[in-house]
Each structure stands twice: as C-alpha cells, then as structure tokens.
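One structure below.
For the numbers below, each heavy atom of this structure counts, side chains included, while hydrogens, waters and symmetry mates do not.
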Amino acid sequence: MSSMLKISPWQWLTSIGATWQLDDSVAVNKRAALTKQGQGMEERELVGQWFDPRPDAGDKITIYRRGDEWFVETWSDDGCHSLDKMKATPENFDIRLEEFEANFFGEYFLMTDYGDLKLCDAQGCVILVPMNSKSA
C-alpha cells in the first residue's frame, strides 16, 4: 500500500500513529546473554551428544562443561538454536541439569551415571538417543 502512496513504509506507519520502542523482552535479553555466554566456549569439554526421538522434536542436544559450569546446546530441525547455562545438582547417582536463569516449564535433564540422558518434566522422562559414546 505504501508504494501506491509513494511514501516509505516507515513514513506510512508513523503517519497512522505507530511508535517504536526498544524491545527489552526476555527473548532479546536471552539472545544477548547467549552471545556473551558463547564467548570463551572454546575451552569447554564435550560431555556428550543426544538426539530427541519424539515425533515433531528431532532436537540435537549437546552437553558441555567448563570447569564447574554446565551448558546445554540445542539445535532444532527448524534451525532454532539455544545455548543455556545449567544448574547441576547431584540426584542419587545421577546429575540433574536445570536452566540456571529460569525454568518456565519445569523441564530438566537427568544424566545417569552410565551415560544416558533423560528429558524430564512432571509427567515423567523420555530417554534420548546417544549420538556418540562419550559420557561424563
């Protein structure tokens, strides 16, 4: 429509009262944290890689350690990516990994002492398929 009026989209939007503001949403803040967090990841230790076999999931999950810090990197089939710092808590002989900042859905990973990785929530756990044999 703006091309018909011979004005730019920006001019058209501001002419109808549209205003713009800097988005300081959780997603924007998390993206900035990912960028900062990714710096220095070259010193990380690969713990293992797993694949989520559930229908419509297909995520590739990689767990890294850097000293006492744990990170989970996720790549989805649709190209979405995340790198999250995790809080590691011993649970029996296993390690429970939860998002460090916020855990909105109550999901967590449970890495067993024999190298399996489970994705868990209030309904139970799904065992993920290992992509390599390296474990913690």
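In this structure, the separation between CG on Leu117 and CD1 on Ile127 is 10.0 Å, given to the nearest 0.5 Å. Distance check: Ser76 OG to Lys60 NZ gives 12.0 Å after rounding to the nearest 0.5 Å. With values rounded to the nearest 0.5 angstrom, Met111 atom CE is found 12.5 Å from Glu91 atom CD.
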Subject >> Steps toward side chain to side chain contact (heavy atoms under 4.5 Å, CB included) verdict (Phe109, Glu99) >> reply: CA-CA 9 Å; Phe109 291 102; Glu99 283 192 58; over 6 Å; no
Subject >> Residue pair Leu110, Ile95: steps toward the side chain to side chain contact (heavy atoms under 4.5 Å, CB included) verdict >> reply: CA-CA 6 Å; Leu110 192 63; Ile95 298 173; over 6 Å; no
Subject >> From CA spacing to verdict: side chain to side chain contact (heavy atoms under 4.5 Å, CB included), Tyr64, Val47 >> reply: CA-CA 5 Å; Tyr64 300 101; Val47 175; 5.7 Å; no
Subject >> Worked verdict on Lys118 versus Leu128 for side chain to side chain contact (heavy atoms under 4.5 Å, CB included) >> reply: CA-CA 6 Å; Lys118 300 176 183 180; Leu128 304 179; over 6 Å; no
**OP:** With side chain to side chain donor-acceptor pair (under 3.5 Å) as the test, would you mind laying out the steps for Glu73 and Thr62 before giving the verdict?
**Re:** CA-CA 5 Å; Glu73 183 175 41; Thr62 305; 4.7 Å; no
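Listed by first and then second residue, the side chain to side chain donor-acceptor pair (under 3.5 Å) pairs that reach into residues 101-112 are Glu98-Asn103, sequence neighbours excluded.
Shown here for Val72 and Ile61, the closest heavy-atom pair between the two residues is CG1-CG2, 3.8 Å. In plain terms, the two heavy atoms of Glu69 and Lys85 that are nearest each other are OE2-NZ, 3.1 Å. Minimum heavy-atom separation, Arg66 to Arg44: CB-CA, 4.4 Å. Minimum heavy-atom separation, Phe51 to Gly58: CE1-O, 3.4 Å.
With sequence neighbours excluded, no residue satisfies salt bridge (Lys or Arg N to Asp or Glu O under 4.0 Å) with Asp59.
Residues Val126 and Arg54 form a side-chain contact, since some pair of their non-hydrogen atoms from C-beta on lies under 4.5 Å apart. Under the 4.5 Å side-chain criterion, counting only non-hydrogen atoms from C-beta, Leu119 is in contact with Asp52. When side chains are defined from C-beta on, Asp84 does not count as touching Phe100, because their heavy atoms never get closer than 4.5 Å.
Linking Ile, Leu, Val, Met, Phe, Trp and Tyr whenever their side-chain heavy atoms come within less than 4.5 Å leaves Trp75 and Leu46 in two separate clusters. A chain of hydrophobic side-chain contacts below 4.5 Å, direct or via other Ile, Leu, Val, Met, Phe, Trp or Tyr residues, connects Met131 to Val129.
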